[in-house]
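Comments concern the structure below.
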Amino acid sequence: MNNTVLVLSAASAIVAGTPILLAAVGELVAERSGVMNLGVEGMMLVGGVIAFWAGVHTGSLALALVAGGLAGALLACVHAVLAVSLRVNQTVSGLSLVIVGSGLSAFLGSAGDKPLLETKNGVNIHAFFPKAVRDLPIVGPIVFGHDLVVYISWAIVASAAYVLYRTSAGLSLRAIGEDPAAADAAGLNVVRTRYLATAIGGFGAGMGGAYLTLAVLGTWQTGLTAGVGWIAVALVILAGWRPWLALIGAYAFGALRGLGFTLQIAQISIPADFLNMTPFIAAYVVVIVVSASPSRSRRVAAPAALAQPYSRESR
Amino acid sequence: VNGLPANPFVVTPRARPSAAVRLGVPFGALLVALGLGMVVLLAFGDDPLKAYRTMFESSLQGWRPFTRTLTYATPLILTGLAAAVAFRMKVYNIGAEGQLFVGAIAASGLALALPPDLPRVLMISVVILGGAVAGAIWAQLAAIPKALFGTDEIITTLMLNFVALGLMNYLIQGSRSFWRNPTHPVPQGKEIPKSAQLPILYERLHAGFLVAVAVAVALWLLVRLTTWGFRLKVIGDSRRAALYAGISVGAMTIGVMAVSGAIAGMAGAIEVSAVTKGLQPKALAIQLGYTGIIIAAVARLNALGVVPVAVLLAAITVSGSSLQSIGVASELVVLLQGLIFLSVTAGEFFVTNRVRLASSRQAVRSQRELGAPPHVDETPVATAVSAKPASGESLALRSPTMGSAR
């Protein structure tokens, strides 16, 4: 029963969706504070190469993930300096982060005497639960069959949802994303909160890149994200800036990325080039549908001050 | 005042940045980026001066390298223009990459389908125009949803890039299509007839370079002299003002995306006609579209500025292969491009604002310039004046309208 197409596809969708999920939840937190960071793709790449390097040198998955996350957060802080302090256009700043990230990761991956490009993965990733649990029908592979990072990502989603909606810190963060002037007048520190939220976003993207490199692909390749970061940016909009919806959406995109595998088992042949396109076509269509839908809830969901620089003197 | 932390700098907005500032700041940012690149090289134990000298010699010294650089700059001029014109209206078309691919598909298709004995001028004109039309149509896939529903064009244009790339790969690697060379064992595009190939001007330079420069001049005039260009700038500076003035923002969105997509499609057509001589996915998918965004930013969205900046970025890119001969990873050039983009973006703050170290007299004077009353004596001057944004609407690279678009 556990070897049926549906069960295997669902399990692989979760693995393929986890990098998207980690990056999207991070970006969601940043955007909730009003900072739009389009540099997810670049932060994922830098997170991925640093995590791979850390994995080769330490052999520890935890250290590699943290290293990847910190690298992403560091790059995000560059965006924060530009977007929050220098108040330059966040779209342009985010795009520049993508190029810096892809250049830096490509250089780090191929420089030196023993380039990471030709190095084997130093991290051993294994299932978290014992075999008896993993062999349970259906839920075994889908729910209990994964490595620790998948469960960490669930905890991150749960805590993001809790902090954003159930704590005063989350309320402050959302207030700053909706109306920074009012939040400032109420005594909240807009600049510090936005820096922090942007760094958290970068940490999520870096971890996502780390997981993609270490667990999903298992090797470092130049430009290995191939659009995953952009899917995460789109997912934040599609999920209406809500963490649990981002989880569902991430696994849907994960399923699309694994579509070739599913169809292969089901013996349906579609050219590989078209299969590779499907997540991007899906994101394209859904972004249009979401923006065309007349429902009020979508408009409410987008932080009102998203991508707008805040300066005390101009309020 | 306001309980702001002590700020050692006096920041005052520039109402109208002078030409020296508009040229000087990006140039300074360029030097900063090269400096950061030196730090990275030193960290990896490489000799930065030797690396930069090698890059210069391999791309700009002598006619052969220089004409090679100009040839490489040709599509970059066009993708830079494609980004610049759209960004000027704050329509963030980052789909030049995909529009270029679609232009290349259409151009190579036309070149292969038309009778090869057509007069060369006619053939080349049809091929380039065909590429432009295809790019313009492809751009509408993002423009129409944007005009109708306000759909975020950053996401849609980017997603369409991957679709266009997949399409191009499918035509050559994934199928035995009309575009593919049926005799060659390795998948590659069929060679287009001689009559569809742009002539060589000198050494490695082809006539497409002149086309690209002509497009730059035409676009500069279009934005500067026509009503269309005036509307474009009004929307870019203040969407609200444009709406009050009765400018149809939706129609302008469709129009600017058509122009932008056409220029990017033309880049693909010229690459096919003069360089790859067929639909060659590997030779076309070299980030020309994304590099165009950097070029537009460094040129501060000025169409004439795009030309020299594209040549500079082309010089950096073509010199990548020469770096390997001295043991430096060729990926350095991508890193340098990113650093240039980043420092120029940061530099935008210094174009729109004047930053000085606070000495008390200057601070008081700068306050007077702003029309604000000078400080009373008990206020420490350095804490009193802090960042005030420039008239944020004055520059397209500042103060986005993204919030309303999403």
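We name chains A, B, ... by the order of the sequence lines, and we start the count at 1 in each one.
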At a heavy-atom separation under 4.5 Å, does A83(A) approach chain B through its side chain, its backbone, both, or neither? neither
Counting only non-hydrogen atoms closer than 4.5 Å, does A106(A) touch chain B with its backbone (N, CA, C, O), its side chain (CB onward), both, or neither? both
Between [atom1] on residue [X] and [atom2] on residue [Y], distance to nearest 0.5 Å:
{"X": "Y92(B)", "Y": "N89(A)", "atom1": "OH", "atom2": "CG", "result": "3.5 Å"}
{"X": "D273(A)", "Y": "L171(B)", "atom1": "CG", "atom2": "CG", "result": "9.0 Å"}
{"X": "L335(B)", "Y": "L108(A)", "atom1": "CG", "atom2": "CG", "result": "8.0 Å"}
{"X": "I294(B)", "Y": "S96(A)", "atom1": "CD1", "atom2": "OG", "result": "9.0 Å"}
{"X": "I155(B)", "Y": "L38(A)", "atom1": "CD1", "atom2": "CG", "result": "7.0 Å"}
{"X": "E153(B)", "Y": "S291(A)", "atom1": "CD", "atom2": "OG", "result": "11.0 Å"}

Which residues satisfy the side-chain hydrogen bond (donor to acceptor under 3.5 Å, both in side chains) test with S93(A), sequence neighbours excluded? H79(A)
Going by the rule ring-ring contact (aromatic ring centres under 6.0 Å, His included), which residues pair with F274(A) if we only count those two or more places apart in sequence or in a different chain? Y170(B)
F107(A) and side-chain contact (heavy atoms from CB on, under 4.5 Å): which partner among V40(B), L336(B), V334(B), V333(B)? V40(B)
Is it the backbone or the side chain of [X] that comes under 4.5 Å from a heavy atom of chain A, or both, or neither?
{"X": "L158(B)", "result": "side chain"}
{"X": "L160(B)", "result": "side chain"}
{"X": "F162(B)", "result": "both"}

Residue pair [X] / [Y], side-chain heavy-atom distance below 4.5 Å:
{"X": "F341(B)", "Y": "V92(A)", "value": "yes"}
{"X": "L141(B)", "Y": "Y284(A)", "value": "yes"}
{"X": "L342(B)", "Y": "L82(A)", "value": "yes"}
{"X": "I231(A)", "Y": "M159(B)", "value": "yes"}
{"X": "I154(B)", "Y": "W230(A)", "value": "yes"}

Pick from N276(A), I281(A), L95(A) with the largest number of heavy-atom pairs that fall under 4.5 Å of chain B: L95(A)
Heavy-atom pairs under 4.5 Å with chain B, option from V285(A), T222(A), I99(A) with the top count: I99(A)
To check you understand the geometry: which heavy-atom pair defines the closest contact between S110(A) and A329(B), and what is its length? OG-CB, 3.8 Å
